[in-house]
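Structure, as structure tokens:
All chains are named by letter (A, B, ...) in the order of the sequence lines, taking the proteins before the strands, and each is independently numbered beginning at 1. Hydrogens, waters and symmetry mates are skipped; everything else that's a heavy atom, side chains included, is used.
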Amino acid sequence: MKPITVKELFRGAYTKLIGESVQLKGWVRTSRLSKTFGFIELNDGSFFKNIQIVFDESLANFEAVSKITLGSSLIVTGEVVESPGAKQAFEIKAHEITIVGLADADYPLQKKRHSFEFLRTIAHLRPRTNTFTAVFRVRSLLAHAIHSFFQDRGFVYVHTPLITGSDCEGAGEMFRVTTFDLLNVPRTEKGEVDFSKDFFGKETNLTVSGQLEVETFCMNFANVYTFGPAFRAENSNTPRHISELWMIEPEIAFADLYDDADLAEDMVRYIVKDVMEKAPEEMEFFNKFIDNGLIERLEHMLNSGFERLDYSDAIQLLEKANQKFDYPVTWGIDLQTEHERYLTEVALKKPVFVMNYPKAIKAFYMRVNDDNNTVAAMDLLVPGVGELIGGSQREERYDVLCQRIDELGLHQPDYWWYLDLRRYGTVPHAGFGLGFERAVMYLTGMKNIRDVIPFPRVPNSAEF
RNA sequence: UCCUCAGUAGCUCAGUUGGUUAGAGCGGGUGGCUGUUAACCACUAGGUCGUAGGUUCGAGUCCUACCUGAGGAGCCA
């Protein structure tokens, strides 16, 4: 009698084990019971598909097993046999079934389709559904693929801080980190909050991005990346935003915007290909039940490559579009969701880099182009998700960077260590940020970001 | 935060121009069924119709406010 996983059996081991006795440990996904025999579909966590267990009155505890409830945990010992049923090549003829944990009868998951909205309310149980089993395995594989991609290329993985003392990250609202008693906050003589008395002796927040810090490591290791959580306190209520998200932020030295785009494209292609190879059952499931065009779209992307478009050309393309936009298109505007969708879903039908945006609508650290009008920034727009990646070549010239900080009304002293990088051996460098959850959405076809992270944090909701 | 839509059984939903005791499928319980595939058949329990007001002889249905959820927009990854 041999312990074995469902994955091993499905991936070929069963042919050699016909007639052999094996042991499986898992949970009842569904069951079909008759008077004198029954079928249990068991999932042991190793594989997307369930294995069918057949049992009959020869079981010592037949009566108990024939009343098994969905969600119960079992240890099954039995013989691998070829299945007469049409939907599976093999099954387990049980000799012994130990009921480890009988699920109460009010187990919320049923043999039917549940809405994602309902499943969000039982996020502690939803991993047990087909969809979420598939989503979270893909999420895991995707994380691994990202590390593989960068590690194979010699990139150094850097853990940038989650608690940040720089109030200057620039990207949106932050969550304050404090140990103050909120009913009794220390104040200065002027009546302002006295952060010098707080835990860190200064005002601190949860990070919105590791980019500024990872640039410091880029100036030693040349090729680096972060992969960790970031926190956004914006009151965003959309299917594409969450308050706690995971980001990947590579940074490369001696590189310009076009090297950056090459890296981003190579990375996206690598991770998509890798996950499609490692999780074919899950991808097939998504294609069948979540998004009918998914595999075709991903394969088209892998075969045809990405489009690259200057911002100015993108504006022209939008101006020529025979489609009315709610937001009028003129050079200088930031692209709206409707514009992004048109470019990537209607006009080009594939991922598109929009590059070299107007200086006025982008961040201080992006490198000013020779036209002095645009900056070396890029967004990667993909069908269905919108902005998947945002990146730029960084301003490596000390004087220009100081000038940009001034222009945007920021304070140079706040950026002292960031500016130092431009004083001590500065080099052209570039990087981008990939929203990990958005990548999972792109890969699975899932439409709501709350359904691709185990326990989503959004405004007004931090259950679990 | 703004706009739109929705909230009826544990879940997914139906409920006609306001009119008796509010329905179905699934899930639960009981019984039946010797190869099922969201198994099937019979019976059965299960509801302050999101909350609070209001209009009316009468409200699940109409009105107001609030709460919750979703979609769109903005902010952004």
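- In this structure, Arg308(A) pairs ionically with Glu265(A), as a charged nitrogen and a carboxylate oxygen lie closer than 4.0 Å.
- The phosphate of C75(B) (OP1 or OP2) has no side-chain N or O of Asn235(A) nearer than 4.0 angstrom.
- A donor-acceptor pair shorter than 3.5 Å cannot be found between the side chains of Tyr225(A) and Glu251(A).
- To the nearest angstrom, P of A39(B) lies 13 Å from CZ of Phe55(A).
- Asp56(A) comes within 4.0 angstrom of nothing in the nucleic acid, heavy atoms only.
- Residue-level contact check: Thr121(A) touches neither bases nor backbone, having no heavy atom under 4.0 Å from any strand.
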Problem - Contact state string [nucleotides 25-31 of chain B, B base, S sugar-phosphate only, - no protein heavy atom under 4.0 Å] - result: BBSS---
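- Taken residue by residue, residues 322-352 of chain A places heavy atoms nearer than 4.0 Å to RNA chain B at Tyr327(A), Gln336(A), Thr337(A).
- OP1 or OP2 of G71(B) has at least one side-chain nitrogen or oxygen of Asn448(A) nearer than 4.0 Å.
- Annotation: proximity of residues 20-47 of chain A to RNA chain B (heavy atom, distance under 4.0 Å) is found for Thr30(A), Ser31(A), Arg32(A), Leu33(A), Ser34(A), Lys35(A), Thr36(A), Phe37(A), Phe39(A), numbered in ascending order.
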Practice task
Go through Glu437(A) and Arg240(A) one step at a time and tell me if the side-chain contact (heavy atoms from CB on, under 4.5 Å) criterion holds.
Solution key: CA-CA 9 Å; Glu437(A) 282 74 24; Arg240(A) 297 181 303 282; over 6 Å; no
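- Base pairing annotation: A70(B) forms a Watson-Crick or G-U wobble pair with U4(B), both donor-acceptor distances under 3.5 Å.
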